Amino acid sequence: QSIGCKSISAFRAAFPDTPWIFLYRDPVEVMMSHLKMPGTKQAVCLRSKNSPPPDFVDLVKRRAGISQKNVRGNLSAEEFC
């Protein structure tokens with residue numbers, strides 16, 4: 001998983017002679033595959049929809065003119081992600 005990317009230096013230090021390859025997947029493809037899964041409310045990008053971070057709310061206000069109260073109800077899962 002992408003969370004492991006933060007630990008690459010630790011893995012390389014622990015296993016310096018082990019060959020490795022970094023696989024990258026387009027983030028939009030990942031998001032769309034998560035949204036297609038049953039129980040889309042569990043998609044990583046939707047976890048903060050009920051209580052979006054302030055910087056996200058500010059961005060939405062500037063770009064779409066939607067208030068914090070309306071971010072939860074007016075944005076589709078795709079738009080929120």
Side-chain angles (χ1 to χ4, degrees):
Q1 292 184 349
S2 59
I3 193 73
C5 291
K6 296 177 182 178
S7 304
I8 287 178
S9 59
F11 286 116
R12 294 198 66 200
F15 307 101
D17 299 325
T18 303
W20 63 280
I21 184 169
F22 183 82
L23 298 177
Y24 172 82
R25 188 170 170 204
D26 181 7
V28 174
E29 289 178 7
V30 173
M31 178 193 71
M32 294 310 293
S33 70
H34 286 185
L35 292 173
K36 289 179 184 177
M37 295 170 55
T40 57
K41 292 185 181 197
Q42 296 304 312
V44 174
C45 57
L46 293 175
R47 290 182 184 164
S48 65
K49 189 172 183 186
N50 287 332
S51 183
D55 56 339
F56 177 80
V57 173
D58 290 341
L59 176 68
V60 172
K61 283 180 186 177
R62 286 194 313 269
R63 301 285 177 140
I66 298 174
S67 68
Q68 179 174 1
K69 181 179 178 183
N70 293 327
V71 166
R72 291 177 287 220
N74 288 348
L75 295 178
S76 69
E78 291 85 0
E79 291 171 324
F80 187 82
C81 289

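Keep in mind that this is a model prediction, so the values were computed, not measured.
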Engineer: So which atom in P16 and which in A13 form the shortest heavy-atom distance, rounded to 0.1 Å?
Structural biologist: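 Heavy-atom minimum between the residues: CD-O, 3.5 Å.
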Engineer: Would Y24 and F11 show up in the same hydrophobic cluster when neighbours are defined by side-chain heavy atoms closer than 4.5 Å?
Structural biologist: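 No: no chain of side-chain contacts under 4.5 Å links Y24 to F11.
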Engineer: Is there a side-chain contact between R25 and S33 (heavy atoms, below 4.5 Å)?
Structural biologist: yes
Engineer: Can you confirm whether F22 sits close enough to I8 that some side-chain heavy atom of one is under 4.5 Å from a side-chain heavy atom of the other?
Structural biologist: yes
